[in-house]
Number of protein chains: 2
Amino acid sequence: MKKMSDAMSLLINLNLAAIKINKKLDRSLGLHGISFSEYMALHFLYSESTQVMSRIALAECLGMTASGVTRLLNPMEKIHLVEKQKNPRDARVSLVKLTLTGATLYEDASTSFRHISDSTVSDVRQYQMESILEVLKKL
Amino acid sequence: MKKMSDAMSLLINLNLAAIKINKKLDRSLGLHGISFSEYMALHFLYSESTQVMSRIALAECLGMTASGVTRLLNPMEKIHLVEKQKNPRDARVSLVKLTLTGATLYEDASTSFRHISDSTVSDVRQYQMESILEVLKKL
DNA sequence: GATTTATACTTGATTGGTCAATTATTGTTG
DNA sequence: CAACAATAATTGACCAATCAAGTATAAATC
């Protein structure tokens, strides 16, 4: 059988790395009461100037389905990290708004996230980092 | 709030990339009747010179728990991609052996995997590939 | 050599997501 | 403007993996 190409190795190792990182971050963010997925949701909302997004848009950002987003946000609404808003122009959409509580939690959690990130990639050179980032973004 | 560091961006984008790649590979490998996880299991078994591994060792390779491996392998045993073997030296362990069917399927699936891999990373330079690979492996 | 401790699994209950179907609304077109 | 197609979101049924607990065996200690 042919040997694995670098491209094949890359996808396999990317996947394995993601699994490990996910677990590490889930453990760490768990101290703030959220999962990594929830952190990601907060992240994209926080990055939006209005801190409001449609569920579909959020799903797109997170790489998950609309139904996945519904299920992800339900518990977050219950603890008031986000809240629903109507879109006056289109009654189909249910906007997600980051609450003040949510924004604060995001900022707190971000310091943990920063620690984990920095220590995880501590021995990656700056130029490598930029190169990898560039590649990952266009995958 | 402080801006995200490159390290933070890297982890987020790594995660997003992994999600997309997983979906793409699940779709493609689905044509061979297996998921990406199952492909990975076959991969590590195939790479082993004896094509035999303990479940614990496989779990370690796959970055999942022992119970995850049990549940992953069950259906694979049913369709005879792998089979159980006893370890004469230690009655606790239940060895997983790649069958001929399993090896053949792995080889077939690998051509699909190769296509996807190559096209996915087609515009990544060789030197970048090696650099990224190096980083991912020590993560 | 008996007892404790550690290891290799397996299983029940739970979680986090998918998909397919459904509902409500909006946009399009004859 | 009536009918039909497309979009946003939710729900039920399912799937893949986790965790915690349980079982069986092996290793270490007294």
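Chain letters run A, B, ... following the sequence lines, proteins first, then strands; residues in each count from 1.
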Member of A:I132, A:L133, A:L139 meeting the side-chain contact (heavy atoms from CB on, under 4.5 Å) criterion with B:N13:
A:L133
Quickly work out the A:E60 CD to D:dT7 P distance and round it to whole Å.
14 Å
Rounded off to whole Å, could you give me the CG-to-P distance for the A:D90 and D:dA9 pair?
8 Å
The first and last nucleotides of DNA chain C lying within contact of chain A, meaning any atom under 4.0 Å from one of its heavy atoms, run from C:dG17 to C:dT26
Salt bridge check: are A:R55 and A:E77 linked by an N-O gap of less than 4.0 Å?
yes
Just wondering, do A:L95 and A:K84 contact through their side chains at under 4.5 Å, heavy atoms?
no
Under 4.0 Å protein heavy-atom contacts per nucleotide of nucleotides 18-24 of chain D, with B for base, S for backbone only and - for none:
BB-----
Rounded to the Å, how far apart are B:N22 CG and D:dC15 P?
18 Å
For atom NZ of B:K138, decide whether the heavy atoms of other residues, nucleotides or ligands shown that lie under 6.0 angstrom number more than 12.
yes
Value in whole Å for how far the P atom of D:dC15 lies from CG of B:N74:
14 Å
Categorize B:S37 for me: base, sugar-phosphate, or nothing, with a 4.0 angstrom heavy-atom threshold over every strand shown.
sugar-phosphate
Going by heavy atoms in the side chains, are A:E107 and A:Y46 under 4.5 Å from each other?
yes
Taken to the nearest whole Å, CG/B:L29 to C1'/D:dA16 is 16 Å
B:T70 near the nucleic acid: base, sugar-phosphate alone, or nothing, with a heavy-atom cut-off under 4.0 Å?
base
Group every Ile, Leu, Val, Met, Phe, Trp and Tyr by side-chain heavy-atom contacts under 4.5 Å, then state whether B:V121 and A:L136 land in the same group.
yes
